[in-house]
Each structure stands twice: as structure tokens, then as C-alpha cells.
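Note that the structure is predicted; figures quoted are calculated from it, not measured. Residue numbering restarts at 1 for every chain, and letters A, B, ... go by the order of the sequence lines.
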Amino acid sequence: MKSPQKEIPYFESVYDVVQLIPFGRAASYGDISNYLSLGSARMVGWAMNKSFSTKHVPAHRVVNRKGELSGRTHFPTPDMMQELLEGEGIKIEDHRIVDWENVRWDPSRELL
DNA sequence: CACTTGACAACAA
DNA sequence: CTTGTTGCCAAGT
């Protein structure tokens with residue numbers, strides 16, 4: 001083995017945080033990447049794309065900084081993401097989370 | 001190895 | 001609203 005240590009896939013870190021998102025809340029790509037202090041918001045989206053084909057990650061709880069369901073187009077069906085969020089008590093309007101600032105879950109801020 | 005793409009962020013105009 | 005720019009990093013071609 002050339003690598004003495006097993007380098008943790010960046011994606012794994014992302015999955016971990018995403019799965020920590022509590023019920024009825026949502027996190028933004030930027031907040032996650034900020035919490036990891038690594039990579040960038042793009043990597044989070046990339047990880048989700050892969051994770052959705054390999055892991056069970058509540059990707060529906062991950063939205064962009066405006067609270068828009070930007071990733072809904074990558075779901076099996078675009079409506080699925082909204083239905084899942086509404087099923088958790090989150091209101092969606094025009095593909096955006098209503099009262100986003102209230103549902104927003106920032107790991108580095110609320111994960112005490 | 002070079003270039004492009006991507007579920008983004010943030011700002012400028 | 002759109003378009004452009006910069007930063008960021010992995011994967012695909």
C-alpha cells in the first residue's frame with residue numbers, strides 16, 4: 001500500500017453531514033462546504049449526484065443558498081423532492097422553501 | 001496532460 | 001430576469 005492512511009473520500013464527509021440534517025430542516029451546499037472547510041459547494045452537489053446512485057442520502061434536504069430545490073431535476077421525478085420536503089412539514093412555493101431562514105440548518109451554527 | 005462540465009456561491013452590471 | 005466573472009475541486013472526455 002502506498003498510502004499509509006486511508007484517505008477519506010471527500011464525498012463521505014459530505015454524506016455524513018447530510019445525514020445529520022434533522023427532520024423538517026434543510027441545509028445549503030455552501031453551509032455544508034463551509035462546515036467541512038474543504039472543497040466547495042460544487043463538490044457537495046457532485047457528491048450528491050454520486051451518492052444518489054450509491055447511497056441513501058436525504059438529498060432532498062440539500063438546497064442551494066436561496067432555498068431553491070435546485071437539485072430536483074436530478075431526482076427520479078422532479079416532483080419527488082418537493083413531496084419529500086412537504087412530507088417533513090416544509091412548505092415549498094415556486095420551487096423554493098418557504099421561510100427558508102427558519103428551516104435552514106447550518107451545521108457550523110446549529111450543530112452545537 | 002488539456003479541456004469541459006457540474007444538484008454552487010457571491011458579486012457585478 | 002439574464003449574463004459574466006472568479007473561486008473551488010473531482011470526474012469525464
Side-chain angles (χ1 to χ4, degrees):
Chain A
M1 305 104 90
K2 296 188 142 196
S3 309
Q5 288 191 337
K6 145 175 102 126
E7 50 189 280
I8 47 149
Y10 174 81
F11 297 156
E12 282 283 328
S13 303
V14 177
Y15 305 151
D16 188 44
V17 177
V18 173
Q19 290 179 55
L20 287 174
I21 301 173
F23 187 94
R25 296 268 190 153
S28 66
Y29 302 96
D31 288 341
I32 294 171
S33 66
N34 180 32
Y35 174 69
L36 297 172
S37 303
L38 285 171
S40 58
R42 279 191 160 150
M43 302 292 82
V44 178
W46 217 282
M48 299 286 86
N49 195 331
K50 293 299 217 170
S51 79
F52 218 68
S53 298
T54 61
K55 304 234 172 194
H56 315 102
V57 180
H60 58 275
R61 293 189 187 142
V62 185
V63 295
N64 68 10
R65 75 178 182 95
K66 301 170 195 169
E68 299 172 306
L69 284 51
S70 47
R72 83 196 118 107
T73 57
H74 289 268
F75 277 78
T77 59
D79 293 331
M80 191 176 109
M81 189 172 183
Q82 178 168 337
E83 290 294 303
L84 287 168
L85 289 170
E86 291 184 321
E88 300 192 1
I90 299 176
K91 314 281 201 280
I92 308 297
E93 189 169 274
D94 192 31
H95 304 301
R96 271 188 280 180
I97 294 176
V98 177
D99 200 2
W100 162 233
E101 307 225 344
N102 189 29
V103 258
R104 186 177 189 176
W105 184 79
D106 187 335
S108 63
R109 197 163 102 217
E110 302 193 54
L111 184 65
L112 303 174

Over all atoms of both residues, closest heavy-atom pair of [X] and [Y]:
X     : Y     : answer
A:F23 : A:R61 : CD1-NH2, 3.9 Å
A:H60 : A:E88 : NE2-OE2, 3.1 Å
A:F52 : A:V57 : CE1-O, 4.1 Å
A:M48 : A:V62 : SD-CG2, 4.0 Å
A:Y15 : A:S51 : CE2-CB, 2.9 Å
A:P58 : A:Q19 : CD-CG, 3.9 Å

**Study point:** Side-chain heavy-atom pair A:S28, A:D31 within 4.5 angstrom cut-off
**Key:**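 In contact.
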Exercise for review: Answer yes or no: does a side-chain N or O of A:R65 lie under 4.0 Å from OP1 or OP2 of B:dA10?
Suggested key: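 For B:dA10, OP1 or OP2 has a side-chain N or O of A:R65 closer than 4.0 Å.
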Could you state the atom-to-atom distance from [atom1] of [X] to [atom2] of [N] in whole Å?
X     : N     : atom1 : atom2 : value
A:R96 : B:dA7 : CZ    : P     : 19 Å
A:K66 : B:dA9 : NZ    : C1'   : 9 Å
A:E68 : B:dA9 : CD    : P     : 9 Å
A:N64 : B:dA7 : CG    : P     : 12 Å

Point to revise | Worked verdict on A:K55 versus A:E12 for salt bridge (Lys or Arg N to Asp or Glu O under 4.0 Å) | key: CA-CA 10 Å; A:K55 304 234 172 194; A:E12 282 283 328; 3.2 Å; yes
Check your understanding: Quick one: stems for DNA chain B, with Watson-Crick or G-U pairs under 3.5 Å, at least three in a row?
Key ->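 Stems (3+ consecutive pairs) listed as B:2-6 with C:9-13, B:8-13 with C:2-7.
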**Study point:** Distance, P atom - from C:dG7 to B:dC1, rounded to whole angstrom
**Key:**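 About 22 Å, rounded to a whole number of Å.
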Practice item. Report yes or no: do A:D106 and A:S108 form a side-chain donor-acceptor pair below 3.5 Å? Key: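 Yes, a side-chain donor-acceptor pair sits under 3.5 Å.
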Review point. Looking across every strand, which nucleic acid part, if any, lies under 4.0 Å from A:A59 by heavy atom: base, sugar-phosphate, or nothing?
Key: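 Base contact - A:A59 has a heavy atom under 4.0 Å of at least one base atom.
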Practice item. Answer with base, sugar-phosphate or nothing: what part of the nucleic acid does A:N49 contact at a heavy-atom distance below 4.0 Å? Key: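 Result for A:N49 = base.
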Revision key, fill the gap. Quick tally for nucleotides 6-13 of chain C: nucleotides whose base has a protein heavy atom under 4.0 Å get B, sugar-phosphate-only ones S, the rest -, giving -BBBBSS-
